[in-house]
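One structure is given here, and the rest of the page talks about it.
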Amino acid sequence: MNSHFMALGATMGTLMIVYTVGELLRQWRQRRGLSQLDLSIAADVSARHVSLVETGRSKPSVEMILRLADQLHVPLRDRNRLLLAAGFAPRYTERPLDDPALSAALDAVRRVLRAHEPYPALVFDRRWNIVMTNRAVDPFFARVAPDLLRPPVNLVRLGLDPRGLAPMVVNLADVRAVFRSRISRQLATAADAELTALYEELLDPGPGEAVGQRVDADVVIPMILRVDGRELRLFSTVTTFGTPMDIAVEEIAIESYYPADPESAAYFTR
């Protein structure tokens, strides 16, 4: 019943432009499509104070930075960057996922994965590298090229590579469109050089390729797999931690797959 833990690859450092805390807050506000008045109302401060912070004429306190960041839905990693830009110490830790301090969180994740069997479920990080799976995933991974399973195993690359799961996916264009939409939203929320490179490598539309997502279901777009001469129709849900205080915990997500029809359910429960 043990889930599988996959090692994460090292993160490459990137050269970053130095911004003031006010400039960073303004960027986040504009990214969220809010005016200074919108943000001031949401954060229960004056619009003038928001303006003074953004222009650097007022130095915000730690509490003010975190209050504005909360209303702007700034990820924990970037909240630390805001604090550092203002001359404060980072508030949020980033431990390796195998750190003993995260054992309770990971035990909860493992229980979720095991409870979802016999249906597939896996955990991936912010760059879509798979860090954990349940046993129901194993038969699908057994069908892909071994080199694609060397850590870090990237879910997007595994799903779209011709040596990976792509030959099994009947509606590959739909699956690619879903990946494209989800990663586009991620990049709109927070820039990331490695995620951008992944998008450009695997998801950037080619000449004449339609970017829009084709909807062929009334509620959700299923992933259709052809396995052992039959078609399996699956849809998925994504679960994240609601109130994380550690960056690594915030950045992992559990993707759980469910059968979309009785025939697909029977395949897994047989």
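This one's a predicted model, so the numbers in the text were calculated from it and none came from an experiment. For the single chain, residues carry numbers from 1 onward in sequence order.
Rounding to the nearest 0.5 Å gives a distance of 9.5 Å between OG1 of Thr240 and CD1 of Ile252. The distance from atom CE of Met223 to atom CG of Leu172, rounded to the nearest 0.5 Å, is 10.5 Å. Separating the CG atom in Leu165 from the CG atom in Leu225 is a distance of 7.5 Å, to the nearest 0.5 Å. Separation of atoms OG (Ser35) and CZ (Arg29) is listed at 7.0 Å; rounding is to 0.5 Å. Between atom CD1 of residue Ile183 and atom OG1 of residue Thr196 there is a gap of 10.0 Å, rounded to the nearest 0.5 Å. Interatomic distance, Asp204 CG to Tyr199 OH, rounded to the nearest 0.5 Å: 5.5 Å.
Residues satisfying the salt bridge (Lys or Arg N to Asp or Glu O under 4.0 Å) criterion with Asp38, sequence neighbours excluded, are absent altogether. For Phe124, the ring pair (Phe, Tyr, Trp, His ring centres under 6.0 Å) partners at least two apart in sequence or on another chain are Trp128. Arg111 meets the side chain to side chain donor-acceptor pair (under 3.5 Å) test with no other residue; sequence neighbours excluded. Applying the salt bridge (Lys or Arg N to Asp or Glu O under 4.0 Å) criterion to Glu250, with sequence neighbours excluded, gives no partner residue. Residues satisfying the side chain to side chain donor-acceptor pair (under 3.5 Å) criterion with Glu255, sequence neighbours excluded, are Arg182, Ser236. Applying the ring pair (Phe, Tyr, Trp, His ring centres under 6.0 Å) test to Phe235 and every residue at least two apart in sequence or in another chain returns Tyr258. Partners of Glu23 according to the salt bridge (Lys or Arg N to Asp or Glu O under 4.0 Å) rule, which considers only residues two or more places apart in sequence or in another chain, do not exist here. Annotation: side chain to side chain donor-acceptor pair (under 3.5 Å) contacts of Arg270 (sequence neighbours excluded): none. Judged as a salt bridge (Lys or Arg N to Asp or Glu O under 4.0 Å), and not counting sequence neighbours, Asp78 has no contacts. Legend: residues meeting side chain to side chain donor-acceptor pair (under 3.5 Å) with Glu263, ordered by chain and number and at least two apart, are absent.
For the pair Gly164 and Pro167, the tightest heavy-atom approach, listed with the atom from each and the gap, is O-CD, 3.4 Å. Heavy atoms only, all atoms of each residue included: Pro118 and Thr269 are closest at CG-CG2, 3.9 Å. The nearest pair of heavy atoms linking Ala69 to Leu82 is CB-CD1, 4.0 Å. Residues Asn171 and Pro222 share a closest heavy-atom pair of ND2-O, 2.7 Å. Nearest heavy-atom pair, Arg180 versus Pro205, reported as atom, atom and distance to 0.1 Å: NE-CG, 3.8 Å. Of all heavy-atom pairs between Leu25 and Leu72, the closest is O-CD1, 4.1 Å.
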Under the side-chain contact (heavy atoms from CB on, under 4.5 Å) criterion, do Leu158 and Leu149 qualify, and how do the steps go?
CA-CA 8 Å; Leu158 193 67; Leu149 298 178; 4.1 Å; yes
### Verdict with reasoning, Val169 to Arg176, per side-chain contact (heavy atoms from CB on, under 4.5 Å)
CA-CA 10 Å; Val169 182; Arg176 187 187 304 275; over 6 Å; no
Apply side-chain contact (heavy atoms from CB on, under 4.5 Å) to His73 and Trp28, showing your working.
-> CA-CA 9 Å; His73 304 291; Trp28 280 105; over 6 Å; no
*side-chain contact (heavy atoms from CB on, under 4.5 Å) assessment of Phe241 paired with Val109*: CA-CA 10 Å; Phe241 282 88; Val109 171; 3.8 Å; yes
Determine, step by step, whether Asp228 and Arg143 satisfy the salt bridge (charged side-chain N to carboxylate O under 4.0 Å, His left out) criterion, reporting the C-alpha distance in whole Å, the side-chain angles of both residues, the deciding distance to 0.1 Å, and the verdict.
CA-CA 11 Å; Asp228 299 334; Arg143 300 168 184 263; 3.1 Å; yes
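Hydrophobic cluster membership is shared by Val62 and Met245, with clusters built from Ile, Leu, Val, Met, Phe, Trp and Tyr side chains linked at under 4.5 angstrom. Leu76 and Leu84 fall into different hydrophobic clusters, where Ile, Leu, Val, Met, Phe, Trp and Tyr are joined by side-chain heavy atoms under 4.5 Å apart, directly or via other members.
Put simply, the side chain of Asp246 does not reach to within 4.5 Å of the side chain of Tyr92, judged on heavy atoms. Using a 4.5 Å cut-off on side-chain heavy atoms (C-beta onward), Pro60 and Leu68 make no contact. For the pair Thr133 and Leu113, the minimum side-chain heavy-atom distance is 4.5 Å or more. Residues Tyr19 and Arg81 have side chains in contact (heavy-atom distance under 4.5 Å, counting atoms from C-beta outward). With a 4.5 Å cut-off on side-chain heavy atoms, Arg127 and Asp192 count as touching. You'll find the side chain of Asn80 reaches within 4.5 Å of the side chain of Ile247, heavy atoms only. With a 4.5 Å cut-off on side-chain heavy atoms, Leu83 and Ile65 count as touching. Looking only at side-chain heavy atoms (C-beta outward), Met64 and Leu66 stay at 4.5 Å or farther from each other.
A salt bridge is defined here as a Lys NZ or Arg NE, NH1 or NH2 lying under 4.0 Å from an Asp or Glu carboxylate O, and Glu251 with Arg126 meets this definition. Taking 4.0 Å as the cut-off between side-chain N and carboxylate O, Arg67 and Asp70 do not count as a salt-bridged pair.
Between Tyr119 and Phe268, a ring centre-to-centre spacing shorter than 6.0 Å is recorded.
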Tell me which donor-acceptor pairs under 3.5 Å the side chains of residues 40-52 have, and how far apart each pair is, sequence neighbours excluded?
from: Ser40; atom 1: OG; to: Gln36; atom 2: O; distance (Å): 3.4
from: Ser40; atom 1: OG; to: Leu37; atom 2: O; distance (Å): 2.7
from: Ser46; atom 1: OG; to: His49; atom 2: N; distance (Å): 3.0

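For Arg185 and Thr189, the side-chain atoms include no donor-acceptor pair closer than 3.5 Å.
At distances below 3.5 Å, at least one donor-acceptor pair connects side-chain atoms of Ser103 with backbone N or O atoms of Pro100. Side chain of Asn134 to main chain of Arg114: no donor-acceptor pair is present (N/O by atom type, distance under 3.5 Å, no hydrogens or angles). Formation of a donor-acceptor pair under 3.5 Å by the Arg95 side chain with backbone atoms of Ala248 is not found in this model.
Sequence neighbours left out, the pairs with a member in residues 145-169 that pass salt bridge (charged side-chain N to carboxylate O under 4.0 Å, His left out) are Asp147-Arg163, Arg157-Glu201, Asp161-Arg163.
Sparse packing is recorded around CZ of Arg91, with 12 or fewer heavy atoms of other residues, nucleotides or ligands lying under 6.0 Å away.
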